[in-house]
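Keep in mind that what you see is a predicted model, and the values were worked out from it rather than measured. Ligands are counted one by one from 1 in listed order, and the atoms in each one are counted from 1 as well.
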Amino acid sequence: MSMTATKSATTVHRPLEGRVAIVTGSTSGIGLGIAESLAEQGATLVLNGFGDPAEIERTRQTLATLNGVAVHYSPADLSMPDKICEMIAFARDVAGPIDILVNNAGIQHVAPIGEFPTAKWDAILAVNLSSAFHAIKAVLPQMAERGYGRIINVASAHGLVASPFKSAYVAAKHGVIGLTKTVALESARTGVTCNAICPGYVWTPLVEKQIADQARAHNMTEEKVITDVLLTSQPNRRFASVEEIGALASFLCGPGGASITGASLTVDGGWTAQ
Ligand code: NAD
């Protein structure tokens, strides 16, 4: 085969062709960025998350058409363990055995601990931490049996270091990293890897909302929150993009990720190097 023929064959090869991926919280932000990247690599997708049904349907169709892959959607509320099991069962029914699970759905609330609403604590722990446990529990035995699996937990720089006013979020994200390491060790000989991606600030609707909340908590303007609160933690002084997170997730799912497990991979512009 000529060099040109080999090169063009390499270009069209999609490493995740035939793989089935669930990405939680993929109607928006980082989850959508990861879903787009996995679909570009050829994966069949099950999307999940809240939002306007017509907009979600448009996203589903666009992803399918652009990438020539099947794309399904589950509206499961991940704060409810039985809905998580239903989502996994639905994914298996419509798409087949699950190869890739990305636990990405997350919520945030910013308030001093003395004023932190207990209901917000419970909700953040349920969506940001417990949902990953329930989903992993439902897919892991079958991944191990088939000898391949990729579990990616979207944690945060706040899984490694803390900031004030984010008690529930920081506790949940530290928990996600502990869960990641445990799953990696339990699965080490099975062909299943489990890693955490730890973004710093990424420009998404979650961050946009947080800017307003932080402005209230710190009694500052929103512009000041961006420059003096958020990006002061991030030495490269820029928001990461959802495409950057998607590219890392796809790498972890492909052949290059086979020996990476139990890792907390930072995409934080140097935040946690300080
Ligand atoms: P986002 O608000 O844009 O997206 C969150 C997604 O989760 C949405 O699809 C939403 O519908 C879904 N979701 C929320 N509650 C849900 C529930 N109960 N059931 C099902 N789906 C639910 O936020 P984002 O910034 O893209 O964040 C995604 C993940 O990345 C979160 O886990 C977040 O903690 C993490 N993260 C974000 C940043 C950042 O700067 N944006 C940084 C570090 C970590």
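- Scanning the protein heavy atoms around atom 23 (O) of ligand 1, the nearest turns out to be Leu206 CB, 3.1 Å.
- Residue Val127 comes nearest to Ser79 through the heavy atom pair CG2-CB, 3.8 Å, listed as atom of the first residue, atom of the second, then distance.
- Of the protein's non-hydrogen atoms, the one nearest atom 3 (O) of ligand 1 is Ser28 OG, 2.6 Å.
- Nearest protein neighbour of atom 19 (N) of ligand 1, counting heavy atoms only, is Leu78 N, 2.8 Å.
- Short contacts between ligand 1 and Asn104, defined as distances under 4.0 Å to a heavy atom of the residue, involve ligand atoms 28 (C), 29 (C), 30 (O), 31 (C), 32 (O).
- Rounding to the nearest 0.5 Å gives a distance of 7.0 Å between CG of Leu32 and OG of Ser26.
- Within the listing of ligand 1, atoms 3 (O), 26 (O) sit less than 4.0 angstrom from a heavy atom of Gly29.
- With distances taken over non-hydrogen atoms, the option nearest atom 17 (C) of ligand 1 out of Phe239, Trp203, Phe50 is Phe50.
- Using a 4.0 Å cut-off between heavy atoms, Lys173 contacts ligand 1 through its side chain alone, with no backbone atom that close.
- In terms of protein heavy atoms, atom 42 (C) of ligand 1 is closest to Gly200 O, 2.9 Å.
- Between Glu186 and Lys181, none of the side-chain N atoms (NZ, or NE/NH1/NH2) sits under 4.0 Å from a carboxylate O, so this pair counts as no salt bridge.
- Taking every heavy atom of both residues into account, Ala138 and Ile88 meet most closely at CB-CG1, 3.9 Å.
- Within ligand 1, the atoms closer than 4.0 Å to a non-hydrogen atom of Gly49 are 11 (O), 21 (N), numbered from 1 in the order shown.
- For atom 39 (C) of ligand 1, the nearest non-hydrogen atom from the set Ile245, Val207, Val127 comes from Val207.
- With a 4.0 Å cut-off on non-hydrogen atoms, Cys198 does not touch ligand 1 at all.
- Remark: the Arg92 side chain and the Gln142 side chain contain an N/O donor-acceptor pair separated by less than 3.5 Å.
- Every atom of ligand 1 with a heavy atom of Pro205 under 4.0 Å away is listed here by number and element: 3 (O).
- Atoms OG and CD1, from Ser156 and Ile30 in turn, are 8.5 Å apart once rounded to the nearest 0.5 Å.
- For ligand 1 and Ala76, the ligand atoms under 4.0 Å from any heavy atom of the residue are 19 (N), 20 (C).
- In terms of protein heavy atoms, atom 25 (O) of ligand 1 is closest to Thr204 OG1, 2.4 Å.
- Residue contacts with ligand 1 for Val202 involve both N, CA, C or O and side-chain atoms from C-beta outward (heavy atoms, distance under 4.0 Å).
- In the hydrophobic clustering of ILVMFWY residues, with side-chain heavy atoms under 4.5 Å counting as a link, Leu230 and Trp203 come out together.
- Annotation for ligand 1: atoms under 4.0 Å from non-hydrogen atoms of Tyr201 are 40 (O).
- Counting atoms of ligand 1 from 1 in the listed order, those under 4.0 Å from a heavy atom of Asn48 are 20 (C), 21 (N).
- Residue-level proximity to ligand 1 for Tyr169 is carried by the side chain, the only part with a heavy atom below 4.0 angstrom.
- Nearest protein heavy-atom neighbour of atom 5 (C) of ligand 1: Gly106 O, 3.8 Å.
- Proximity to Ala105 (heavy-atom distance under 4.0 Å) selects the following atoms of ligand 1: 7 (O), 21 (N), 22 (C), 32 (O).
- Which of Val154, Ile30, Val23, Thr27 comes nearest to atom 8 (C) of ligand 1 through a heavy atom is settled by distance: it is Thr27.
- In terms of protein heavy-atom proximity, atom 12 (C) of ligand 1 is closest to Gly25 CA, 3.6 Å.
- In this model, no donor atom of one side chain and acceptor atom of the other lie less than 3.5 Å apart for Asp228 and Thr232.
- Protein heavy atom closest to atom 43 (C) of ligand 1, with residue, atom name and distance, is Pro199 O, 3.3 Å.
- For the residue pair Ser264 and Leu160, the shortest heavy atom distance occurs at CB-CD2, 4.4 Å.
- Contact annotation: for Ala157 versus ligand 1, there are no heavy atoms closer than 4.0 Å.
- Separation of atoms CE (Met220) and CD1 (Ile211) is listed at 12.5 Å; rounding is to 0.5 Å.
- Between Ile56 atom CD1 and Tyr73 atom OH the span is 3.5 Å, to the nearest 0.5 Å.
- Proximity of Ile107 to ligand 1, defined as any heavy-atom pair under 4.0 Å, is confined to the side chain (atoms from C-beta onward).
- Both the backbone and the side chain of Asp77 come within contact range of ligand 1, each with a heavy atom under 4.0 Å.
- Of all non-hydrogen atoms in Asn103 and Ile151, the two that sit nearest each other are ND2-CG2, 4.1 Å.
- In summary, the side chains of Lys166 and Gln210 do present a donor paired with an acceptor at a separation below 3.5 Å, with no hydrogens or angles considered.
- For the 3.5 Å distance criterion, the side chains of Thr180 and Asn153 qualify, holding a donor opposite an acceptor.
- Within the 4.0 Å heavy-atom shell around ligand 1 one finds Ala155.
- For the pair Arg238 and Tyr201, the cation-pi criterion (under 6.0 Å, within 45° of the ring axis) is not fulfilled.
- When ring centroids are compared, His109 and Phe116 come within the 6.0 Å threshold.
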